[in-house]
Each structure stands twice: as structure tokens, then as C-alpha cells.
Amino acid sequence: MTRIDRIRLHRIDMPLVRPFRTSFGTQQTRDILLVEAITSEGVSGWGECVAMSWPGYSYEYVDGCVDVLTEHLVPLVLRDGTADPLEAHGRFVRVQGHPMAKTALETAILDAWLRVRNIRLVDFLGAQYPEQIRDEVDCGVSVGIPPSESISELLDEVSGYVDAGYRRIKLKIEPGWDVEPVRAVRQTWPDMLLQTDANQAYTRSDGDLLAAMDPFDLLLVEQPLPEDDLLGHAALAREITTPVCLDESITSVAVAETALAVEATSVINIKPGRVGGYLTAVQIHDLCRERGIPVWCGGMLETGVGRAANVGLAALPGFTLPGDTSASNRYYAVDVTPPFILDDGRLTVPTAPGIGVDPIPEILAELTTWSALIER
Ligand code: OSB
Ligand code: MG
């Protein structure tokens, strides 16, 4: 019987093609943890931990993930080497929080389990609606706040993405960088699907400011208020005509249900790392699909490892809006896997089993800053 015998943590440092600034900080490089689960047959499964190096997007951060994986999560798997992703998922429930660390390990185990069985991740996730799985997904792009805070620099950057074929533009906003940049982009591209993301930068009293962007025909405004303020989002949703979409707030199926019940959100950004894995991500997708709530797949500047799995998830039928599933070259000159390339504004769902891609050993070795092997 297949067992997980060894787990290797790979910490890599990937230079970004340009700095990425949001309301919670600026990244110049991406410090990422990859988890490799190695079976008794020698098959490797891969998962990406989407935590940032500092706790700015949520409370998780890479050093904390290394600790909780090494001390708490990996031992729950290696104590008997279970290779069953559902069993691992059940064991992880007893560790509170830490969804990004859990997702990385769960995905590595799931990937190995699927590879041994020759099943694609997307076919496993979409097993209930096999005939509705897409072969390719519509892609959007997330555009940071230019470090210069120059609108002409913003328009240059957006223009490059429009020329590349992206089907939706998302602008990062914060107080002081909102109405004017959004107006400028809308005037330049009157028909482009356009949305904003505040990453919690506003307060309950900013309703008028956010309503000032209603005339720009935005698809949605993402996470304007703090993560824990569902009622604040519900009140704001009544004050503005732009639909509110929650990202950071949606940390589980139960919270998604509550947010929908109080009408704090009318669209949901699904990020597997934020909700504790692809299994839970599918449950939130199914809930939203039953309720007629559109969902889209968020991103966290993933390498090809996380991107491959996200493109598979985004191929499920409820993902009716373009996601932040951009091409590899949006962030990286060199990806750790063969690159994802945009074709007519879409990415192709991998056809190989599991997540469908592997890190290229020489590139992985070059990017690695630290690694650890944990054995049974
Ligand atoms: O809020 O969606 C977000 C990146 C890092 C952390 C949070 C977010 C983002 C993005 C970029 O918007 C998404 C991507 O292109 O991967
Ligand atoms: Mg967001």
C-alpha cells in the first residue's frame, strides 16, 4: 500500500518582474515554501504555501508556516505515513487555523495520491459535474499601486496587459489611490471588465468615498473593510451599487454561509490557501453555485506549482468570472515549472495527472534558499 515516507520543504526566492504594491505592503521578491510529499513508490506530489514573508495579508507568514508544518502538521502524516488526502484533511482539523500551511501539505498529498491513480486534479475536484469541466480558463490580472503613484505609469502597465489579451483588469486601491486611477483606466478602456481590490484599507465611514466609484461600471469591489467586519460589509453593500466581493473574510464554508446570509457579499473570491485547501474550496464553490452566487479564483503570486492547481480549480462550472490566474510572466521572468502562457486571454488546464506540472530540478535548485527533509 502507498505510504508517504518523506516530506521535503523547499524554501525558494523568486525575483518579481516589477515590485507589487498593495494597501498592506510592497513585495520586491516572492519568498515561497513548496511542499513535496514522496511516496513509498518514489512518486512526488507538490503543494505550494501561499503565505507571504510577513503577516500583512493574513496572520500567516513563511517562518510561521515552516514551524507549524514541521512541529504539528507533518508529524500527523508521518506517524503512519497516511497517503489518503481525506484522512490527512480530517487530522488537520485538530490544528486550529493555519490554512495556508495546511493547504500546502494537503495538496502535496492529494497530488501524490492522484498521480499514483493517474487522475487529474480537475477531474477529481469536479467529479460531480464531469461534463461541465472546462479545458481552458479566462484570465484576469491584478495591477498593483505604482510605487511612483503616477497615473500615466499605471496606464502604461495596464496597456501592456490589455495588449497581452487579459480579459479583466483588477486595480489595487487604498485611500488616496482610488477614484482618480479608476476613472483614468475606465476612460481609456470603456468596455474592459474592471474591478478593484482594497485589501481591507477602508473603514465603515468610507461609504461616500467608495460610492464615488459606482459610476465606473465596476464588476465588484473586493474586501474594502477589515476581515472580521461582515456586518460592516453588509451595511456598505446597501450604500453602494458596485457589488461587494469578499476575499480575506471568507476563511471557511461556515463563514461563507454566514456572509451570504447577512448579504455581506454577492460574489466570492475563492483562494484555496485561505480556506484550508482544494477540498474546502470546492465545497464553497458548490454552496455558491446552489445559491447562484458567482465565484472566481484568486491568486497569491503563485509559482507554476500553485498556478497549475488554481487553473484546475477555476475550470469548475461555478467559476463564471475571470480569475487572478495570470500567466507566469505576469510575475516571473523564470518560473520554477514550465511557464503558463496566455493564449487569447486564457490558460489551458494541465492534461497530466495530479496538478499536472513538476518543478524543473535545476531551476528549483538555483532558487532554493533553504530546504529540509523530514522522514518517518
Ligand atoms: O488580495 O487578491 C489579493 C496578491 C497577494 C495577496 C493578496 C492578493 C493578491 C493579488 C494578486 O491581488 C493576485 C495574483 O495575481 O496572484
Ligand atoms: Mg484580494
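None of these values were measured; they are calculated from a predicted model. Whatever order the structure lists ligands and atoms in, that order sets their numbers, starting from 1. The basis for the numbers below is simple: all heavy atoms, side chains too, and nothing from hydrogens, waters or symmetry mates.
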Novice: Of the options Lys271, Glu248, Gln200, which is the one that meets Tyr57 in a side-chain hydrogen bond (donor to acceptor under 3.5 Å, both in side chains)?
Specialist: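 For Tyr57, the side-chain hydrogen bond (donor to acceptor under 3.5 Å, both in side chains) check succeeds only for Lys271.
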Novice: Is a salt bridge present between Arg291 and Glu257, judged by a nitrogen-to-oxygen distance below 4.0 Å?
Specialist: yes
Novice: Between Ser326 and ligand 1, is there a nitrogen or oxygen pair with a distance under 3.5 Å?
Specialist: no
Novice: Kindly identify the option in Leu301, Leu171, Asp197, Val50 whose heavy atom sits closest to atom 16 (O) of ligand 1.
Specialist: Leu301
Novice: Begin from the C-alpha positions of Gln223 and Ser249 and carry the test side-chain hydrogen bond (donor to acceptor under 3.5 Å, both in side chains) through to its verdict.
Specialist: CA-CA 8 Å; Gln223 197 72 41; Ser249 295; 3.0 Å; yes
Novice: Quick check on contacts: which atoms of ligand 1 are under 4.0 angstrom from a heavy atom of Phe20?
Specialist: 4 (C), 10 (C), 11 (C)
Novice: Below 2.8 Å, which protein N, O or S atoms neighbour the Mg ion (ligand 2), ignoring water?
Specialist: Asp197 OD2, Glu222 OE2, Asp247 OD2
Novice: Among all protein heavy atoms, pick out the one at the shortest distance from atom 1 (O) of ligand 1; state its residue, atom name and that distance to 0.1 Å.
Specialist: Asn199 ND2, 2.7 Å
Novice: What residue and heavy atom of the protein are closest to atom 15 (O) of ligand 1, and at what distance?
Specialist: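 Here the closest protein heavy atom is Tyr331 OH, 2.6 Å.
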Novice: Compute the shortest N/O to N/O distance between Tyr57 and ligand 1 and return yes if it is under 3.5 Å, no if not.
Specialist: no
Novice: With a 4.0 Å cut-off on heavy atoms, is Lys172 touching ligand 1?
Specialist: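 A heavy atom of Lys172 does come that close to ligand 1.
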Novice: Answer yes or no for Arg330: is there a heavy-atom contact with ligand 1 below 4.0 Å?
Specialist: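 In this structure, Arg330 fails to qualify as a contact of ligand 1 - no heavy atom is under 4.0 Å.
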Novice: For ligand 1, which atoms sit closer than 4.0 Å to a heavy atom of Asp247?
Specialist: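 Within the 4.0 Å cut-off of Asp247, ligand 1 contributes 1 (O), 2 (O), 3 (C).
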Novice: Which is it for Asp63 and Arg11 under the side chain to side chain contact (heavy atoms under 4.5 Å, CB included) test, yes or no, and what are the steps along the way?
Specialist: CA-CA 10 Å; Asp63 285 328; Arg11 191 168 183 168; 2.8 Å; yes
Novice: What are the two closest heavy atoms between Arg167 and Asp344, and how far apart are they?
Specialist: NH2-O, 2.8 Å
Novice: Looking at residues at least two apart in the chain, or sitting in another chain, which of them share a side chain to side chain contact (heavy atoms under 4.5 Å, CB included) with Leu16?
Specialist: Phe20, Gln27, Arg30, Leu301, Tyr331, Tyr332
Novice: Is Lys170 in contact with ligand 1, taking contact as a heavy-atom separation below 4.0 Å?
Specialist: yes
Novice: Does a side-chain N-to-carboxylate-O contact under 4.0 Å join Glu41 and Arg115?
Specialist: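 Salt bridge between Glu41 and Arg115, a charged N being under 4.0 Å from a carboxylate O: no.
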Novice: Considering only non-hydrogen protein atoms, determine which one is nearest to atom 5 (C) of ligand 1 and report residue, atom name and distance to 0.1 Å.
Specialist: Met52 CE, 3.5 Å
Novice: Kindly state each residue pair satisfying ring pair (Phe, Tyr, Trp, His ring centres under 6.0 Å) with at least one member in residues 167-207, sequence neighbours excluded.
Specialist: none
Novice: With no hydrogens and no angle check, just 3.5 Å: does a side-chain donor-acceptor pair link Glu227 and Ser58?
Specialist: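 No donor-acceptor contact under 3.5 Å links the two side chains.
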Novice: Using a plain distance cutoff, I'd like to know if Lys271 has any nitrogen or oxygen under 3.5 Å from a nitrogen or oxygen of ligand 1.
Specialist: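 Yes, there is a polar N/O contact under 3.5 Å.
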Novice: Rounded to the nearest 0.5 Å, how far apart are CG of Asn269 and SG of Cys297?
Specialist: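 It comes to 7.5 Å.
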Novice: Measure the distance from atom 13 (C) of ligand 1 to every protein heavy atom, then report the residue, atom name and distance (to 0.1 Å) of the closest one.
Specialist: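 For atom 13 (C) of ligand 1, the nearest protein heavy atom comes out as Gly299 O, 3.2 Å.
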Novice: Is there a donor-acceptor contact under 3.5 Å linking the side chains of Asp335 and Thr303?
Specialist: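 Thr303 and Asp335 do not have a side-chain donor-acceptor pair below 3.5 Å.
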Novice: Could you label the plane-to-plane angle of the Tyr166 and Tyr161 rings as parallel, tilted or perpendicular, counting under 30° as parallel and over 60° as perpendicular?
Specialist: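 Taking Tyr161 first and then Tyr166, their aromatic rings stand perpendicular (interplane angle over 60°).
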Novice: Of the backbone atoms (N, CA, C, O) and the side-chain heavy atoms from C-beta on, which set of Thr22 has a member under 4.0 Å from an atom of ligand 1: side chain, backbone, both, or neither?
Specialist: neither
Novice: Please list the nearest protein heavy atom to atom 6 (C) of ligand 1 with its residue and the distance rounded to 0.1 Å.
Specialist: Met300 SD, 3.4 Å
Novice: May I ask you to say whether Arg307 pairs ionically with Asp324, meaning some side-chain N is under 4.0 Å from a carboxylate O?
Specialist: no
Novice: Can you give the donor-acceptor pairs under 3.5 Å from side chains of residues 77-92 to other protein atoms, not counting sequence neighbours?
Specialist:
unit_1 : atom_1 : unit_2 : atom_2 : d
Asp80  : OD1    : Thr82  : N      : 3.1
Asp80  : OD1    : Arg91  : NH1    : 2.9
Asp80  : OD2    : Arg91  : NH2    : 2.8
Thr82  : OG1    : Asp84  : N      : 3.3
Asp84  : OD1    : Leu86  : N      : 2.9
Asp84  : OD1    : Glu87  : N      : 3.4
Glu87  : OE2    : Arg91  : NE     : 2.7
Glu87  : OE2    : Arg91  : NH2    : 3.0
His89  : ND1    : Glu106 : OE1    : 2.6
Arg91  : NH1    : Leu76  : O      : 2.7

Novice: Find all atoms of ligand 1 within a distance of less than 4.0 Å from any non-hydrogen atom belonging to Phe24, and give their numbers and elements.
Specialist: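 Reading through ligand 1 atom by atom, the close ones are 6 (C).
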